[in-house]
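Values below: every heavy atom of this structure, side chains too, minus hydrogens, waters and symmetry copies.
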Amino acid sequence: MAKAQAMGALLMTVLVVLATSAEVAHGICNLSSDGIRACQPAAAIRNPTNQPSAACCAALAGADLPCLCRYKSAAGVWVRFYRIDINRAMGLPGKCGLAMPANC
């Protein structure tokens, strides 16, 4: 019984990662892949820029920020696909003058 539960949990984890990976490849939460790439320099794992670009801020202004908060826990996907530090990424809306949801 415990083995079946562990296998079920592992399967669910794999499915969530695969679904998240597919969404990130095409953009998520009204933030296109181009928008994510525009923000990458300011959220980079190594040598990030101090401020997000105008293109990044424009992309974030059109994004569904509460939706993006749900992806905060999928940090591995952001690192793998875009080389983004999730903590830096979550600070970008504030640098663009946008308010993140309080519970993010």
Side-chain angles (χ1 to χ4, degrees):
M1 181 71 166
K3 186 176 182 180
Q5 287 177 333
M7 288 300 289
L10 177 61
L11 179 59
M12 285 302 292
T13 301
V14 169
L15 290 174
V16 167
V17 168
L18 289 174
T20 303
S21 299
E23 289 179 32
V24 169
H26 293 50
I28 55 166
C29 303
N30 297 332
L31 184 61
S32 69
S33 292
D34 289 340
I36 294 169
R37 281 196 250 334
C39 292
Q40 193 279 336
I45 294 171
R46 293 191 178 153
N47 303 318
T49 60
N50 289 331
Q51 292 296 318
S53 66
C56 172
C57 289
L60 289 173
D64 180 346
L65 297 179
C67 175
L68 285 174
C69 287
R70 293 194 300 263
Y71 287 89
K72 188 176 181 179
S73 63
V77 173
W78 295 105
V79 168
R80 187 171 351 116
F81 284 100
Y82 293 104
R83 309 300 296 163
I84 287 176
D85 178 297
I86 195 66
N87 294 318
R88 285 188 191 116
M90 289 296 154
L92 294 181
K95 290 183 175 186
C96 292
L98 304 168
M100 285 297 280
N103 60 348
C104 183

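Checked against side chain to side chain contact (heavy atoms under 4.5 Å, CB included), A43 has the following partners two or more places apart in sequence or in another chain: I84, R88, A89, L92. For P41, the side chain to side chain contact (heavy atoms under 4.5 Å, CB included) partners two or more places apart in sequence, or in a different chain, are T49. Residues forming a side chain to side chain contact (heavy atoms under 4.5 Å, CB included) with D34 (at least two apart in sequence, or on another chain): S32, R37. Considering only residues two or more places apart in sequence or on other chains, C96 meets the side chain to side chain contact (heavy atoms under 4.5 Å, CB included) condition with P52, C57, L60, L98.
Taken to the nearest 0.5 Å, the CD1 atom of I36 stands 4.5 Å off from the CG atom of L31. In this structure, the separation between NZ on K72 and CG on N87 is 6.5 Å, given to the nearest 0.5 Å. Here the CD atom belonging to Q40 is positioned 9.0 Å from the CZ atom belonging to R83, to the nearest 0.5 angstrom. Distance CG/N30 to CG/L65: 10.0 Å, rounded to 0.5 Å.
Contact detail for Y71 and I86: the closest heavy-atom pair is O-CD1, 4.5 Å. Heavy-atom minimum distance, G35 versus A59: CA-CB, 3.6 Å. A pairwise comparison of heavy atoms in G27 and S33 identifies N-OG, 3.4 Å as the closest pair. The minimum heavy-atom distance between C104 and M100, with the atom names listed, is SG-CE, 3.4 Å. R70 and S73 get closest at one heavy-atom pair: O-OG, 3.9 Å.
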